[in-house]
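Take a look at the structure below.
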Amino acid sequence: EDGRLGNGAVLPRTAPAPVAGARRFGQISAGDRHTCAVTLAGVPHCWGSGADGRLGTGNLNDKLEPTPVTGAAGFSRVTAAMDHSCGVSSDGSAFCWGRGTNGRLGTGNENTRLSAARVVAG
């Protein structure tokens, strides 16, 4: 459903299938209805349900294949959660995107973010 498997389809699978594209990932995280991963080159990608901006691709569209997170590069890891995602850049800076309710993105407000936004120090 929603393309969360990243294989270009929305049908469920009963056996492992490769993620679409020729990218090589060093780290991956599965969320509620989406998945995010970091390529070996440090570029975070997300796919699946685009609701609430959880994919960070600049819009609310579902993605059936890995799509780069807008405004993000040099990442070492990423975590996909319920309706948002966060990542850490190689310099230790944290970034989040998606639904900002209850300040969960750490950006100083409750705004939904459609692309990576730096977490502010508190």
Side-chain angles (χ1 to χ4, degrees):
E1 296 176 35
D2 306 318
R4 68 186 86 175
L5 298 179
N7 62 1
V10 294
L11 300 173
R13 299 221 18 121
T14 57
V19 171
R23 296 165 203 87
R24 293 180 45 135
F25 295 102
Q27 188 264 329
I28 190 167
S29 176
D32 179 43
R33 294 171 41 209
H34 71 297
T35 305
C36 294
V38 178
T39 65
L40 295 178
V43 179
H45 287 66
C46 294
W47 56 92
S49 170
D52 300 310
R54 69 187 76 192
L55 301 181
T57 57
N59 57 54
L60 302 175
N61 298 334
D62 294 351
K63 304 294 182 185
L64 302 181
E65 297 183 5
T67 304
V69 173
T70 303
F75 275 42
S76 58
R77 61 187 176 271
V78 68
T79 299
M82 179 73 153
D83 50 14
H84 69 291
S85 304
C86 294
V88 177
S89 68
S90 55
D91 71 0
S93 298
F95 293 81
C96 293
W97 53 91
R99 189 172 182 188
T101 306
N102 299 321
R104 70 185 74 189
L105 301 183
T107 57
N109 56 49
E110 295 189 15
N111 296 340
T112 291
R113 301 296 179 116
L114 301 181
S115 60
R118 185 181 296 272
V119 172
V120 296

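Across all non-hydrogen atoms, the minimal contact from His45 to Pro68 is CD2-N, 3.4 Å. Heavy atoms only, all atoms of each residue included: Ala72 and Ala116 are closest at CB-CB, 3.9 Å. Nearest heavy atom pair, residue Leu105 against residue Trp97, reads CD2-O, 3.7 Å.
For Arg104, the CZ atom sits in a packed shell: over 12 heavy atoms of surrounding residues, nucleotides or ligands are nearer than 6.0 Å.
Interatomic distance, Ser29 OG to His34 NE2, rounded to the nearest 0.5 Å: 7.5 Å. From Arg23, atom CZ reaches atom OG1 of Thr39 across 9.0 Å, with rounding to the nearest 0.5 Å. The CZ atom of Arg113 sits 14.5 Å away from the OG atom of Ser85 when rounded to the nearest 0.5 Å. The distance from atom SG of Cys46 to atom CD1 of Ile28, rounded to the nearest 0.5 Å, is 10.0 Å.
There is no path of hydrophobic side-chain contacts, each under 4.5 Å, that joins Val69 to Leu55. With hydrophobic clusters built from ILVMFWY side chains whose heavy atoms lie under 4.5 angstrom apart, Phe95 shares a cluster with Val38.
Under the side-chain contact (heavy atoms from CB on, under 4.5 Å) test applied with Trp47, the options Thr35, Thr67, Thr57 reduce to a single match, Thr35.
Taking 4.5 Å as the limit, some side-chain heavy atom of Arg54 sits within range of a side-chain heavy atom of Asp32. You'll find the side chain of Gln27 stays beyond 4.5 Å of the side chain of Phe75, heavy atoms only. Contact annotation: the side chain of Leu114 never approaches that of Thr70 to less than 4.5 Å [non-hydrogen atoms, C-beta and beyond].
With Ser89 contributing its side chain and Gly74 its backbone, the two residues share no donor-acceptor pair below 3.5 Å. Looking at Thr79, its side chain never comes within 3.5 Å of a backbone N or O of Cys86 through a donor-acceptor pair.
In terms of the side chain to side chain contact (heavy atoms under 4.5 Å, CB included) criterion, residue partners of Arg99 (sequence neighbours excluded) are, by chain and number, Asp52, Asp83, Thr101, Thr112.
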